[in-house]
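Okay, so here's the structure we're looking at.
Predicted model only: the values in this text are computed from it and were never measured.
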Amino acid sequence: MKPAPFDYYAPKTVDEACALLAEAGGGATVLAGGQTLLPLLALRMSQPFILVDINRIASLKGVSRANGATRIGPILRQNEAIADTTLRQTLPVLVTATQHVGHHQTRNRGTVGGSIALGEPAAELPATAVALGASVEARSVRGVRRIRAEDLYLGPYATSLEPDELITSIEFPDGPADAIPVFREVAQRPGDFALIGLVGSLAFDSGRISRAGLAWFGMGPTPMKARQAEQALIGQSLAGLDVRAIAELAVADTEPFDDRHASAEYRRTVGRRIFARTLSDALDVRNAA
Amino acid sequence: MSQAESHAGMIGRRLPRKEDGRLLTGRGTFVDDIVLPGMLHVAFVRSPIARGRIRSIDTSVARESPGVLAVFTVEDLDRIPAKLLSFYFAPPCEPPVPLLARGTVAYVGDPVVMVVAQDRYLAEDAASLVNVDYEELDPVVTIADAMRGPPVHAGTDSNVAAAMGNEQDDELEERLSKAPYLLTRTIRHQRISQSPMETRGVVVTRQGEELLVYITCQSPHLVARYLSLALDQPTLNVRVIAKDVGGSFGLKNHPWREEMSTIVGAMLLGRPLKWIEDRWENFVAANQAREQEITVRLALDRDGRMLAAHSDYSLNNGAYPQGADANIAVHLFMWAAYRMPHPGFHTRGWFSNTVGLGAYRGPWAMESLARETLLDIAARELGIDPVELRRRNLITKADQPCTTPLGIPLEDITPAECLDELLETLDVPAFRAEQAAARKEGRYLGLGIAAYVEPTGAAGSIAPMTGELAHIRIEPTGKVTALMSTHSQGHGTESTMAQVIADQLGVAYEDVAVFEGDSSRGGFGPGAAGSRQGVIGGGASRRAAAILREKVKRIAAHLLDADVDGITIEEGTIRVAGAADRTRSLRQIAEIAYGEPSRLPPGMESGLEAQYRYDPPPMTFTSAAHACIVEIDPDTGFVRIRRWLSSEDCGTIINPAVVEGQIAGGLTQAIGTVLLEEAGYDSRGNPLAVTYKDYLLPTIADVPEFEFLHACTPSKSEGGFRGVGEGGAIIGPPTLFNAIADALAPFGAPPLELPLTPAKILEVIEGRPIAGKSAETVVQAAPVAPPVVQEAAPPPQPAPSAPARIDGAWKMVLATPMGPQDMVGRFTTEGSVLRGSLESPEGAMDFEGTVTDSQLHWEMKVKKPMPITLKYDLVVDGDAISGKAKLGIFGTAKVTGQRM
Amino acid sequence: MSEHRIDVTINGRRQQTTVEGRKTLSDFLRIDAGYTGVHVGCEHGVCGACTVIVDGLAVRSCLMLAVQADGSAITTVEGLAPVDGSLHPVQQAMRDEHALQCGFCTPGVVMTFAALTSGPDKPDAEGLLDALSGHVCRCTGYQGIRRAARKLASDGGTERS
C-alpha cells in the first residue's frame, strides 16, 4: 500500500494551481486535506501523474461575510470550521454536520472544501451544501463559474467540475435568523460514513413554515434533496402537520442502495423513521422557543 | 508444595507491567523496526481471481523496473526446498501448499510472484508491472458450494478437508426421536479476520550457518522448530527473534506462504529481506477464521433435563488451511459443563477457493454459541427460566470427579458456582421490572446469561503442546534474570512471570528481569495457544524459583551457621530467625556463590542458577458465567450494551489487571463478532472487506465498562493457576446474542446468523424482509456437480486371486487428524486368526483379530490421548497394504504402507 | 516522480533533507528519520496507530505526505518523556491504568491524549473519549484507556458511559 509515483507541486497562488491543472490535461489531482485521497493513493485506486497540493495557497483559507452570504475558503480545516465563531453563528447546521465528519484526528487535516469537492454520497458536507442552497466558485484558466451545490453532484465521487477546475470558495446564503437546524445521522460507529443521514433547516413566519431546506446523505448516489417534503412543509402550521405523510414524501425523493453495511430497504425504513423523529424534535424545539 | 503458597505477597497484586515503559515511549522493537545493512524489500503479485489456471507469467518489464533486484516465481524458489507444515508439524494436506502459486491460483490474494527491490515503494511499482495471464474458472466459495461443487484441489475426489464423528448413529437417533422435547436449530457464524494491529511480517538474513529470522509470531521457539523441519538442512542453525509483537489472536502461530517465500528468497539472494504485510494484504491473504455452521438437535425432558444431542458441523477451511481441520474441540467441549448423557456429532472441514483457515482466540467457541443460544430458546419454548434451565443441567462441585461421555475427566469445574455468584450481584427481578416498564414506553431492554467451561494449559497431548521452561538465575549483583519459554503478544508474561518469581524468591518485583522472544534463549514452548502460558509458564517459574530459593537458604544456613528452616528471604534480604546481626543481602550471598565456591556447603555447585520444565495436568479448566444487558433502538435496530458482568473462576490470580485485560479484550472481540465484523466473499470469491472501512472493529464507543467477579478456586496445577486468555471470546458471543434475543422477544426471534447487523434486527422488529438485497444480480456460483460421497479411505478391495502373503513386518502411516503417524505392524496368521503388534513412537501394543483372504481386521483399545477403541480394516495387495482405521468417535483415518 | 527539500523539526531537533513526493509522513518518520515509535497499522487512516502531533494538532501521519510537513514541528511518541527516565503524564496515566497490552496502537493513543491535554483548553472526559473513537485497539477492550481518559480530562473524570 504505497502510492504510485507522481510529480508533486505546491503552488502558492490560485493562478499557478489552475495553470498546473490546465497543463496536466486531466492527469492531475488536487490535494486538499488528503484524508480521503491519501488512502486512495495508497491503495493505488488513484494514480495521478501530478498532485497539486493547494494547502499553501493563502487565499483559499478563512471565512468571510459578504452580500448576505458566508464565504468559506476550501482549505478551511474541518476542526477550524467547528471552532469558527462566524460559522457557529451563521451556519450552526454546518458546524454540527462537520462534527460528524471522520474523527478528531482527520478533522485536523480534512477540509470543508475537500469533502464538498469529492462528493462521497454518504458524507455529511455535500448534503449540507445541497440542503442549505450553497454554491461553489470554480476557477480554471478558462475563467470562473459558479455551480449550485445541487448541480454539482452527478454520482458517487463524480461531480460536474471539469478536470482543470479548482473550487476557490463555497458560499452559503444566509437563512432566516431563527431557522431551526435539522441534523440526524445513523452510523454504526462514530466517524463512519452514514448509513442514513438527514440535514437542513426549517424557518418559520407567523407560526407557519416559511422555508425548508432538507437533504439526505447515504440515501442515493448523490446527496438527495427532499424536494416533495420541502414543498409539502411550506405554509404548514405546526398543529396540522402529518409528520408520517411528510416522511413518506421525503423518502420518495431518494434512491437508496444496497451495500455491505445496509440494504436499500433498511435505509428507506430507517429514513422514514428518522425523518419523522427529527421533524418532531425540530418542531418541539420550535414550540419550546 | 502447596497450591497457593505465596512467599512475598506478590501474587494477586495489580502491579504495573514491565513492558509498558518501553511501549509507551515508542521504544519497543516490533519486526518492522528491524533494519539490517543491505536489507531489501519484498512485494507480492497476487491473484485477482479466486480460481484459475496460470497460462503465462511475464516478469520481463518488472525486472527492468528501477531498484528491482529479483523477481521470483515458484520455480525460482524451488531451488531451496521448503515444506509448509501445520501447527502440529505435520504436512498440512495433500496436495502440498506451494510457497507461491504453482500453475493454478486458488483464492483472490494467492501470491503468484515475489518482487525484491530497494524499498517497498519500488517493489510495489515493479509488482504492478508483472503480467499474469489467467484462465478463470468458477470458484467454490461457501460451505454449500464446497459440498456440491467440484474439488478445489486437483487429484482429490471431494472438498472434504477433514472429517470425524458418525454420520449415522441409530441409537442416538432413537433417543432423539423419542424425546419429549426436541429443538433443532442451525447457527451460522461469519468469517472473522483476527486483525492484530500489527500485521504479519518477517526480516530474514543468513549469516554463515545461522539463519536469523525476525518475525512477528506467537512463539519464536515454535517458529525455529518449524523452520528447521520445513527447510530440513542439517547444517543450518535457525535463530528466531520476536521481541515485541503487536497482537496475534491465533493468526501468527507459525510462518505461512509469504513468510516462507521471503525466507527462501533471502537464502537465494544472499541478502537480508524484509516483508511487512500491509493491511490490504492482511485482509486478502492472511489466514482467517470461524466461517462455520452447525445444526444442533437438542433433546430435553419436560423439565428441561438433557437427554441427548447431535451436532452436524461444517467449517470452511479455505484453499490452504494452516492445518486441515474439522474442529473436533467444538464437540468435545459442547456439553462438557452440562449433564448431557448422550452427545453425538458429525463434523467436517471443507476446502474452498477462499483464503485458508487459521486459528482465532478460542477456536472451538462455536460450542458455547450454539449451546447457550439453544438453551435460551428451549427455556422460552418450555416456559422455564433460562437460569433455572441451566441450573438443572450444569455440573456442580458435588457431581465431581466425573468423566464426560466423550472422555474428558472433570475434577473441579465451577460454572454453576460462577453463575450463583453472578446472580448475587445482578438483581434479575429488578431488571425484569425495569424491562417491563421500559417496554411500555417503547424501549426494548434485554438480558442475556451464558455459562461455560474452557480447557486451558494443555500440554503433552500433541507434538507442539509441551511444558514450559523457566531458567532463573540470581546474578552476582543480586538481581534476578529469568529466561522463559513463554512469549507475549500483549499478554504481559514479562510481568506476570516476574511476579511469580519475585514471590517465590522473596525479592522485589523491580529486581526481576524476564527475557523472552529469542529462540536462542530459554527452551522450547509453543507460546500463546489454548490459554496456557499463565498456567504452565507460571508453574515453571514457581518450581525453578523454589529450587533457587532453597539453594540460597542452604548457602545462607551454611555461611551463617544457622538452621535452614530458620532462614527467610524477604525483599532481597536474608534473615536468620532470632539473630538480627546475621542479616545478609542477596547480593552478598550471590557474590560468595559465584566467586568463593570454597565457602559453599561441601559438594554444592557454585553459582545461583536453576531451571525447571513444568508439565501440568493434561487439562486445567476455567469456568465462567456472564450476563449482559442491552437496549435496542426500535427505529434503527442499533444495539447499545448497557452493562456486562463477568463472573469467572481462573484459579489463583497472578495479576488481576492482566486477567481482566484478557477477559475485556476477548469480550470486545465477541462484541465485534456479534455486531460488527464480517470478512465475507461475493459469489465470485472476491473478498468484501479489504479495508477498515469495510471490516468494522469495535471502538471505545462500542464497548461498555465490564464488571468483574473472580472466584479464584485454585487449580491442581502448580500455583493453582488457570488459563484466561480466550474465555471472553468464547462466552461473549452467546451472552450478547441472548441479551439481544431477550430484548427482541416482543417481536420475534433474531436469526441465528452472525453478525446481527442493524438491518437483521430491524427485520425482526418490523416483521418483514429488510436486510436482504433488493435487486441482486446473482452471479452464477460454482456449477453444481453430483453430490460427492465422501470416503476417508478406499474401501477394502476384493481379495486378489492368489492368497496374499500377510505375515511379516509392515511400515505404515496412519493419517490422523493431527497429522500422519508412523507405525510398524507385525502380523502372523494362523488360518483365520490374525495376531500381531503395532509400534508407534508412543509405544507398542499387541492385538488379535481375523483374516479373510487378503483382508485384515482387528480392534484395540488405547488410553491416550483419550480412551477409544480403534478398529482396523486393511487389505494386502502384494507388498502394499492399505485401508482404514475407525478411531472411535473421531471418525475414520486412512492407512497406507509397504512391506519392510 | 519528484524529489523535494524539506525542513522539519522533529521532537525539537531541526532536520533538513530531501524526500520523494509520494512518501507518506509516517514512512518518512519511521524509515528516514528513525522514529519507529510511529506505528503503521492500516495505512488508510482508520486505525490511528500512526497519530503524531504536527504543529500542535494530532493528525494521522499516514494521511499526510512528508513533503507537506515542510516547515512544521512534529512530535512523535519518542518526544514526550523527559530524558530523566520519568514518563509524560499521559504515559504515566496509561501505565497506571493498564491501558495497553501489545502496545502497537499505543503510541497513537498517547499522541491524541498528549495533543488534547497539553494546552489550556483541556477537554472534559466526554470530549477525550470522542477523540479516542479515532483509535482502534484490538487487545484491551479500551477499559484502561477509558480510565486514563477520565484521569486526564479537565473534569477529572465525572463522565459515566
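Side-chain atoms of A/Asn108 come within 3.5 Å of backbone atoms of C/Ala58 as a donor-acceptor pair (strictly under, hydrogens ignored). The main-chain N or O of A/Phe6 is never found under 3.5 Å from a side-chain atom of C/Arg22 such that the two would form a donor-acceptor pair.
For the side chain to side chain contact (heavy atoms under 4.5 Å, CB included) test, no residue two or more places apart in sequence or in another chain qualifies with A/Thr85.
For chain A, the nearby parts of C/Met64 are the backbone and the side chain; heavy atoms of each come within less than 4.5 Å. In this structure, the portion of A/Leu51 lying under 4.5 Å from any heavy atom of chain C is its side chain and not its backbone. If you measure heavy-atom distances from A/Leu41 to chain C, you find no contacts under 4.5 Å at all. A/Ala42 touches chain C through its side chain: at least one heavy atom from C-beta onward sits under 4.5 Å away, while N, CA, C and O do not. Only the side chain of C/Thr51 comes within contact range of chain A, with at least one heavy atom under 4.5 Å from a heavy atom of that chain.
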Working note: A/Asp53 + C/Leu65, criterion side-chain contact (heavy atoms from CB on, under 4.5 Å); need CA distance, chi angles, decisive distance, verdict.
CA-CA 10 Å; A/Asp53 181 353; C/Leu65 299 172; over 6 Å; no
Between A/Tyr8 and C/His4, is a side-chain contact (heavy atoms from CB on, under 4.5 Å) present by the stated rule, with each step listed?
CA-CA 9 Å; A/Tyr8 169 89; C/His4 303 270; 3.5 Å; yes
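With a 6.0 Å radius and a threshold of 12 heavy atoms from other residues, nucleotides or ligands, A/Lys12 has its NZ atom at or below the threshold. Heavy-atom contacts from other residues, nucleotides or ligands closer than 6.0 Å to CD of A/Gln47 number more than 12.
Residues from residues 86-105 of chain A that place a non-hydrogen atom less than 4.5 Å from a non-hydrogen atom of chain C comprise A/His103, A/His104, A/Gln105, given in numerical order.
Atom NZ of residue A/Lys2 and atom CD of residue C/Glu20 lie 12.0 Å apart, to the nearest 0.5 angstrom. Atom CZ of residue C/Arg60 and atom CG of residue A/Leu38 lie 12.5 Å apart, to the nearest 0.5 angstrom. Expressed to the nearest 0.5 Å, how far CZ of A/Arg109 lies from OG of C/Ser61 amounts to 11.5 Å.
The two residues A/Arg56 and C/Gln68 have their closest heavy-atom pair at NH2-O, 3.1 Å.
In terms of heavy-atom pairs under 4.5 angstrom with chain C, the leader among A/Ala4, A/Gly191, A/Gly34 is A/Ala4. Contact tally against chain A (heavy-atom pairs below 4.5 Å) for C/Val67, C/Asp27, C/Val54: the top residue is C/Val67.
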